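I have placed the structure first, in the form of structure tokens, so that the comments after it can refer back to it.
Residue numbers begin at 1 in each chain, while the letters A, B, ... track the order of the sequences. Fair warning: this is a prediction, and the values are worked out from it, not measured in the lab.
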2 protein chains.
Amino acid sequence: MAFKGQAEYSVDSKGRVAIPAKMRKSMSPAANETFTITRGFEDCIFLYPMDRWSSIEEEIEELSMYDREVRNFVRLIMRWASEVSLDGQGRISIPNPLLDFAELNGSALILGAFDHIEIWDPDQFDGYLNEQPDDYETLAESVMR
Amino acid sequence: MAFKGQAEYSVDSKGRVAIPAKMRKSMSPAANETFTITRGFEDCIFLYPMDRWSSIEEEIEELSMYDREVRNFVRLIMRWASEVSLDGQGRISIPNPLLDFAELNGSALILGAFDHIEIWDPDQFDGYLNEQPDDYETLAESVMR
DNA sequence: GGACAATTCCCCACATTTCCCCACGCGGCT
DNA sequence: AGCCGCGTGGGGAAATGTGGGGAATTGTCC
């Protein structure tokens with residue numbers, strides 16, 4: 001089941017954020033209430049359920065560490081990655097480095113994004129939207145063919 | 001399980017550095033809390049769990065020592081290599097030659113890098129990042145196809 | 001070959017951080 | 001109106017990183 005929807009929740013003083021109940025329910029039991037959280041593209045945080053993440057790891061495993069670009073990429077993706085599990089209240093705690101990276105302070109925008117969940121600082125997301133040259137209709141044309 | 005995450009820890013006067021608990025836990029028991037530590041690529045130190053290292057040794061074994069380049073490479077990689085084990089507090093001690101090579105003094109950046117752990121001097125790593133021409137998004141496109 | 005010095009290894013103790021559990025309040029559903 | 005689910009906040013206990021001391025080992029010099 002794909003992740004859908006959005007919510008704006010608070011980030012408490014310990015760096016914890018609630019994951020919307022609807023998204024929690026659309027996770028496979030195989031994920032064991034556990035995510036791999038890492039740096040996303042464009043200033044946000046990605047949250048992959050464990051079962052989905054393991055297929056990404058398989059892709060990375062195919063790469064050759066003797067290639068400079070590969071090393072660079074692996075350093076960037078793995079450096080920010082860590083495993084996080086839901087606590088009894090359905091929250092995760094975001095590691096400090098990622099809090100800084102995404103410039104989260106006080107509140108967070110949680111987005112369902114098909115195979116993963118994204119966490120944005122609300123202001124950063126506004127900025128991102130304004131930067132995009134193409135509107136929804138144009139994008140659909142070029143992406144969906 | 002792959003190595004993930006980053007941490008900035010201190011290198012004490014005896015050349016000891018703690019390995020983050022999360023990385024220790026993602027090691028196979030077959031590694032027996034032992035690493036092969038050696039010179040890495042791009043001014044850092046590589047730390048391979050024993051079980052992973054033995055597969056690298058198998059790769060090297062396939063190479064022909066009658067090839068000049070092979071001899072050269074083998075000298076470079078094996079010269080710096082040594083076995084280190086975790087002490088009771090989850091630390092390793094870094095051999096002096098490698099401390100000098102990586103220009104470590106006082107603090108170290110520990111990076112999870114999938115099949116190995118990297119140890120950087122924080123300033124060196126900053127420099128490395130700044131040298132890279134491509135950003136994360138561009139790298140991902142070209143590396144992950 | 002033996003004694004000394006230096007280094008390495010292992011163990012213990014402390015301070016901080018992280019993790020897990022419990023309690024409250026708001027809102028929607030029955 | 002009452003109940004249950006959901007997001008929010010805080011406190012206590014265990015785990016984690018840091019520093020230092022003493023014993024065993026190694027290498028060196030006489």
Distance check needed: [N] [atom2] versus [X] [atom1], whole Å only.
X: A/D87; N: C/dT18; atom1: CG; atom2: P; value: 15 Å
X: B/E8; N: C/dT17; atom1: CD; atom2: P; value: 15 Å
X: A/I94; N: C/dT17; atom1: CD1; atom2: C1'; value: 18 Å
X: B/Q89; N: C/dT16; atom1: CD; atom2: P; value: 18 Å
X: B/E33; N: C/dC10; atom1: CD; atom2: C1'; value: 14 Å
X: A/N96; N: D/dT16; atom1: CG; atom2: P; value: 17 Å
X: A/I92; N: D/dG7; atom1: CD1; atom2: C1'; value: 14 Å
X: B/L86; N: D/dA15; atom1: CG; atom2: P; value: 18 Å

Taking atom types as modelled, find out whether [X] and [Y] have a side-chain donor-acceptor pair closer than 3.5 angstrom.
X: A/D67; Y: A/S64; answer: no
X: A/R75; Y: B/Y128; answer: yes
X: B/T34; Y: B/S85; answer: yes

Quiz question: going by heavy-atom distance under 3.5 Å, is there a donor-acceptor pair between the base of D/dG19 and the side chain of B/R91?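 Check passes, donor-acceptor contact within cut-off.
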Can you say whether a donor on the side chain of B/K14 sits under 3.5 Å from an acceptor on the base of D/dG21, or the other way round?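 Yes, a donor-acceptor pair under 3.5 Å.
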Nucleotide nearest A/A21 (side chain, heavy atoms from C-beta), chosen from D/dG7, D/dT18, C/dC9: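 From the listed options, D/dG7 comes nearest.
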Give the nucleotide from the list C/dC11, C/dC9, D/dG17 with an atom nearest to the side chain of B/Y9.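 Closest nucleotide among those given: D/dG17.
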Quick one: closest heavy-atom pair of B/A2 and A/E57, and the distance?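 In terms of heavy atoms, the two residues are closest at CB-OE2, 3.6 Å.
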DNA chain D: B/R16 or A/I19, which has the more 5' nearest nucleotide?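 Result of the comparison: A/I19.
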Closest-nucleotide ordering on DNA chain D, the 5'-leading residue of A/S10 and B/S10: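 Between the two, 5'-proximity favours A/S10.
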Derivation and outcome, side-chain contact (heavy atoms from CB on, under 4.5 Å), residues B/L47 and B/F3: CA-CA 11 Å; B/L47 221 47; B/F3 293 116; over 6 Å; no
Hey, does A/K22 reach any base, or is it just sugar-phosphate, or nothing, if we go heavy atoms under 4.0 Å?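 No contact.
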Describe the nucleic acid contact of A/D12 in one word from base, sugar-phosphate, nothing, applying a heavy-atom distance below 4.0 Å.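 Contact class for A/D12: sugar-phosphate only.
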